[in-house]
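For ligands, and for the atoms within them, numbers begin at 1 and follow the listed sequence.
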Amino acid sequence: PDFIKVSTLAEKIKRPATEILKKLILMGVMVSINHEISFEVAEKIAEQYNILVEKEVKLEREEVLINDFEDKKEDLMSRPPVVTVMGHVDHGKTSLLDSIRHAKVVETEAGGITQHIGAYTVDIDEKKIVFLDTPGHEAFTAMRARGAQVTDIAILVVAADDGVMPQTVEAINHAKAANVPIIVAINKIDKPGANPDRVKQELTEYGLVAEDWGGDTICVPVSAKTKVGIDTLLEMILLVAEMQELKANPNRTAKGTIIEAKLDKGRGPVATAIVQKGTLKVGDSVIAGNTYGKIRALVDDKGKKVKSAGPSIPVEILGLSEVPNAGDILYTVADEKTARQISELRKEKERQQYFASTAKVTLEDLFSQI
Ligand code: GTP
Ligand code: MG
C-alpha cells in the first residue's frame with residue numbers, strides 16, 4: 001500500500017492544503033496536513049479535480065543506482081582473511097588479540113568487558129590478517145551474529161580451565177550457520193586447572209573433533225598470558241586462509257559492511273566498516289542502510305588518517321549524515337545526490353512498511369465513521 005502526505009498531495013495537484021482537508025472531512029477522513037493518507041483516498045480527491053494520480057515507481061530505481069555487479073575472474077586479487085574471535089565471556093578473546101598485536105587493549109576497556117566489535121589489522125611477515133574482536137556478553141548476541149557475516153575464519157576461544165560454556169555453543173552455531181571454518185584456540189593453558197583434553201572431549205558433542213583425535217578441527221593450545229602457542233595459531237590461520245583462496249577486486253567502487261557506529265561529540269557520526277569489494281576513498285559518496293554521506297576522512301585501526309581502504313581492511317568513516325546500524329551494507333555510488341536519493345527512497349520504503357503495519361488500521365477506522 002502507498003501513502004502520501006496531505007501537504008504533498010496539495011502541492012502536487014496545486015491546491016491549498018486547507019481545501020484538500022475540507023474534502024477529506026467530507027469523506028469522513030479526519031487528518032491534519034502532516035498526516036499521510038492512502039493512495040486510494042488521494043486518488044478520490046484528485047479525481048474531483050479531474051487529475052489522474054500515478055503511483056511513483058521510483059522505489060525500484062534503487063537497484064539501478066547501486067552498482068553491485070559480479071567481478072570478472074581476471075580482476076580478482078588475493079585479499080587478507082577477516083578473522084572473528086568468538087567465545088564465552090572472559091575466556092580471553094581480547095587478551096589473545098592483545099598478545100597477537102602486542103598491545104594493551106584489555107586495560108583500557110570499561111570493566112574489562114569488550115563493549116563493541118574492535119577491528120585490527122595485524123602484519124605477519126609479508127601477510128596481513130584482519131581480526132574482529134566480539135563482545136562475549138549475552139546481550140550482544142545479535143551483534144556477534146552480524147560479526148560472523150563478514151568473517152572468513154572464526155577463532156573459537158575456549159578457556160582450558162572452564163571448558164565449553166553457553167556462549168561457546170552459540171559461537172559454534174553462528175560460525176556453522178555462516179559456513180565459516182572454525183579454528184579452536186584452547187586458551188589459558190598456563191593455569192593450574194587447565195584441561196585441554198576435557199575441552200576437546202566437550203567439543204566433540206558439537207561436531208568439532210580435534211585433528212589429533214581423528215577429526216578435522218584444528219585445535220591450538222595457547223596462553224594469551226605467556227604467549228605459548230600464539231605463533232602456531234597465526235600459522236594455522238594463514239594456512240586455512242590460503243586454502244580458501246580469498247579474493248576481491250580492489251579496482252572498483254566499494255562495497256563493505258558496517259561493523260560498529262556511534263555518534264562522536266566532536267566528529268559527528270563515526271562508523272567502522274570492513275571493505276569487501278573495491279576500494280573506499282576519501283571523497284566517495286556512500287550509502288549505508290538508510291544513511292548517506294560524502295566521506296570526509298578515513299581513519300585506520302591505528303588511528304592514522306588514510307586516503308583509501310581496499311578489500312578486507314577495516315576503516316573508520318567520517319562524513320555520514322546519520323549513525324548507521326551495525327550490519328548495514330555500505331556502497332559507493334556515483335555522487336552525493338544519488339546517495340541522498342537512495343537514502344530518501346529507503347526511508348520512504350521504511351515509512352510505508354511502518355504505515356502498512358500500523359497506521360493503516362487507523363485509516364480504516366476513519367473510513368468506518370462515514
Ligand atoms: P569478554 O570480552 O568480556 O567476553 O572477555 P574476553 O573473552 O575478551 O576475556 P579477556 O581477554 O578480557 O580475559 C578475561 C580474563 O582472563 C582477564 O582477567 C585476563 O587477564 C585473563 N586471561 C586471558 N587469557 C589468559 C591466559 O592465557 N592465562 C591466564 N592465566 N589468564 C588469562
Ligand atoms: Mg573481550
Mind checking whether Lys188 has an N or O less than 3.5 Å away from an N or O of ligand 1?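 Between Lys188 and ligand 1 (N or O atoms, distance only) the closest approach is under 3.5 Å.
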Nitrogen or oxygen atoms of Val89 and ligand 1 under 3.5 Å apart: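 N/O-N/O distance below 3.5 Å does not exist for this pair.
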Taking C-beta and beyond as the side chain, do Met30 and Ile25 meet within less than 4.5 Å on heavy atoms?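 A side-chain contact exists here, since the closest heavy-atom pair is under 4.5 Å.
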With respect to the Mg ion (ligand 2), please indicate if Thr94 possesses an N, O or S atom at a distance under 2.8 Å.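 Looking at Thr94, which is the residue asked about, there is an N, O or S atom under 2.8 Å from the Mg ion (ligand 2).
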Out of Ser223, Ser95, Ala185, indicate the one that has the non-hydrogen atom closest to atom 20 (O) of ligand 1.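 Residue with the shortest heavy-atom distance to the ligand atom: Ser95.
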For atom 30 (N) of ligand 1, which candidate among Val222, Asp190, Val157 holds the nearest heavy atom?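 Heavy atom nearest to atom 30 (N) of ligand 1 belongs to Asp190.
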Would you kindly say whether Thr253 and Thr332 are connected by a side-chain donor-acceptor distance under 3.5 Å?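 Short answer, no.
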Quick one: do the Glu350 and Asn290 side chains pair a donor with an acceptor below 3.5 Å?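 Checked: Glu350/Asn290 side chains pair up, N/O donor to acceptor below 3.5 Å.
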For the residue pair Lys23 and Tyr49, would you count it as a cation-pi contact if the rule is NZ or CZ under 6.0 angstrom from the ring centre and within 45 degrees of the ring axis?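 Positive - Lys23 is close enough to the ring of Tyr49 and near enough to its axis.
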Hey, can you pull the donor-acceptor pairs under 3.5 Å for the side chains in residues 180-190, sequence neighbours left out?
unit_1, atom_1, unit_2, atom_2, d
Asn187, OD1, Ala224, N, 3.1
Asn187, ND2, His91, O, 2.9
Lys188, NZ, Asp90, O, 2.7
Asp190, OD1, Ser223, OG, 2.8

Atom pairs and distances, donor-acceptor, side-chain atoms in residues 235-248, under 3.5 Å, two or more places apart:
unit_1, atom_1, unit_2, atom_2, d
Gln244, NE2, Asp152, O, 2.9

Please list, in number order, the atoms of ligand 1 under 4.0 Å from a heavy atom of Thr94.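 Answer, ordered by atom number: 2 (O), 6 (P), 8 (O), 11 (O).
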Under 4.0 Å, heavy-atom basis, I'd like to know which part of Asn187 is in contact with ligand 1: side chain, backbone, both or neither.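 The part of Asn187 near ligand 1 is the side chain, not the backbone.
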Mind checking whether Lys93 contacts ligand 1 via backbone (N, CA, C, O), side chain (CB onward), both or neither, at a 4.0 Å heavy-atom cut-off?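 Looking at Lys93 and ligand 1, atoms from backbone and side chain both fall under 4.0 Å.
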